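Structure record follows, encoded as structure tokens.
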Amino acid sequence: MRALLILLVVVAIALIAGDRVAVGMAQNEIARQIAADYKLPHQPAVTIDGFPFLTQAVDGTYQNIDIRIGDWTDADISVNDLDVKLTGVSAPLGDVVNKRTANLTADTAIATARVPFDTVQRYAPAGVVESISDSPEGLRVAGTFPVAGIPVPATVFVTVAPTDDGIVVTPVSVQAAAGGPTVSLAAVSESLTFTIPLEKLPLGARVTSIQPAANGLHVTAEARAVRFSDLA
């Protein structure tokens with residue numbers, strides 16, 4: 001009986017070790033493919049949740065796959081701390097082995113990322129914005145704004161909202177500089193309404209919510225019925 005128990009323990013350890021080797025290989029392949037598809041400078045960190053992995057692989061379904069990309073740059077914009085969580089992934093083993101993507105799908109892809117304020121400022125009208133920061137009163141933009149052709153210093157509070165083209169920045173109130181002339185919201189709106197192009201996040205995710213913070217805009221994006229053949 002003791003020998004049998006030892007044998008069972010050894011077999012269990014071997015199965016667990018084999019399972020961990022298999023999941024490591026799968027995670028590395030996913031990371032390699034994403035890095036190639038999106039021309040990333042380094043492979044992302046991929047984690048396939050759930051144990052054992054091999055039963056998921058044979059079944060062809062995975063509950064959660066986490067992809068930590070980190071810094072990501074598109075032709076139009078750069079973001080930091082980009083993470084993507086895939087849920088309800090369907091990947092038949094035969095298609096995975098043969099690297100066929102037509103039948104690989106996910107129910108949802110939820111991406112989170114941070115857009116730093118210096119990136120936001122790049123898309124503001126040239127020569128207008130001096131700084132962008134979060135505050136208890138809201139997202140504030142300090143700068144010099146043209147009013148009837150005259151540059152006037154002021155602080156403008158803005159809102160940010162998702163659109164099909166990315167993130168739209170819209171002025172909602174104005175504080176004139178101490179001792180300076182009054183600046184109307186209408187005058188500022190003409191020069192300070194702009195869009196940050198963030199419509200092409202990996203995995204086809206679209207921005208759904210934006211939360212200003214001390215280090216930038218924390219963005220959440222979602223995609224549903226993701227087809228891996230359409231990602232590159």
Side-chain angles (χ1 to χ4, degrees), residues 20 22-51 53 56-57 60-91 96 101 104-123 132-134 139 160-169 195-232:
R20 293 301 88 191
V23 73
M25 293 174 62
Q27 290 172 165
N28 184 68
E29 177 58 26
I30 293 171
R32 186 197 66 78
Q33 190 62 49
I34 290 175
D37 287 346
Y38 291 100
K39 298 179 175 59
L40 302 177
H42 55 79
Q43 290 189 178
V46 176
T47 301
I48 300 175
D49 294 339
F51 180 84
F53 163 75
Q56 296 183 83
T61 58
Y62 306 85
Q63 186 174 3
N64 294 306
I65 299 179
D66 294 322
I67 305 168
R68 303 193 64 173
I69 295 174
D71 295 341
W72 174 78
T73 300
D74 185 51
D76 297 322
I77 196 170
S78 297
V79 301
N80 304 130
D81 306 327
L82 175 59
D83 293 346
V84 181
K85 178 183 287 291
L86 301 175
T87 60
V89 178
S90 175
V96 173
T101 60
L104 308 188
T105 62
D107 292 339
T108 62
I110 299 177
T112 58
R114 177 174 58 87
V115 183
F117 286 131
D118 57 353
T119 296
V120 176
Q121 189 167 341
R122 283 194 0 235
Y123 293 94
I132 302 175
S133 60
D134 192 30
L139 195 60
V160 286
T163 71
D164 289 341
D165 297 323
I167 301 172
V168 63
V169 179
T195 299
I196 306 160
L198 196 62
E199 76 277 19
K200 294 181 181 179
L201 282 170
L203 304 177
R206 295 280 181 168
V207 177
T208 55
S209 66
I210 308 155
Q211 182 62 50
N215 58 354
L217 302 179
H218 290 222
V219 175
T220 299
E222 297 183 15
R224 298 188 180 276
V226 177
R227 298 191 65 84
F228 285 65
S229 57
D230 298 333
L231 299 184

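Just so we're clear, the structure is a prediction, and the values are computed from it rather than from any experiment. We use all heavy atoms of the structure for the numbers below, so side chains are in, but hydrogens, waters and symmetry mates are not.
I67 contributes atom CD1, which lies 12.0 Å from atom CD of Q43 (distance to the nearest 0.5 angstrom). Here I210 contributes atom CD1 and L139 contributes atom CG; the two are 10.5 Å apart, rounded to the nearest 0.5 Å. In this structure, the separation between CD on Q63 and CG on D107 is 11.0 Å, given to the nearest 0.5 Å. Atoms CG and OG1, from N80 and T73 in turn, are 8.5 Å apart once rounded to the nearest 0.5 Å. One distance of note links CG of D134 with CD1 of I132; it measures 11.5 Å at 0.5 Å rounding. Atoms CD1 and OG1, on I65 and T47 in that order, are 10.0 Å from each other to the nearest 0.5 Å.
Under the side-chain contact (heavy atoms from CB on, under 4.5 Å) criterion, T195 pairs with D165, V168, sequence neighbours left out. Among residues two or more places apart in sequence or in another chain, the salt bridge (Lys or Arg N to Asp or Glu O under 4.0 Å) test is passed with D66 by K85. The salt bridge (Lys or Arg N to Asp or Glu O under 4.0 Å) check on R224 picks up E222, with sequence neighbours excluded.
Residues D81 and D83 form no side-chain contact, since every pair of their non-hydrogen atoms from C-beta on lies 4.5 Å or further apart. No side-chain heavy atom of T119 sits less than 4.5 Å from a side-chain heavy atom of V79.
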request  = Check the pair L217 / F117 against side chain to side chain contact (heavy atoms under 4.5 Å, CB included), numbers first and verdict last.
outcome  = CA-CA 7 Å; L217 302 179; F117 286 131; 4.0 Å; yes
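Taking all atoms of both residues into account, the shortest heavy-atom contact from I167 to T163 is N-OG1, 4.5 Å. In plain terms, the two heavy atoms of V160 and P212 that are nearest each other are CG2-CG, 4.2 Å. Closest approach of G216 and R114 over heavy atoms only: CA-CG, 4.5 Å. Closest approach of P116 to S78, counting heavy atoms only: CD-O, 4.3 Å.
Residue R122 places its CZ atom among more than 12 non-hydrogen atoms of other residues, nucleotides or ligands, all under 6.0 Å distant.
Under a 3.5 Å cut-off, the side chain of S90 and the backbone N or O of T105 do not form any donor-acceptor pair.
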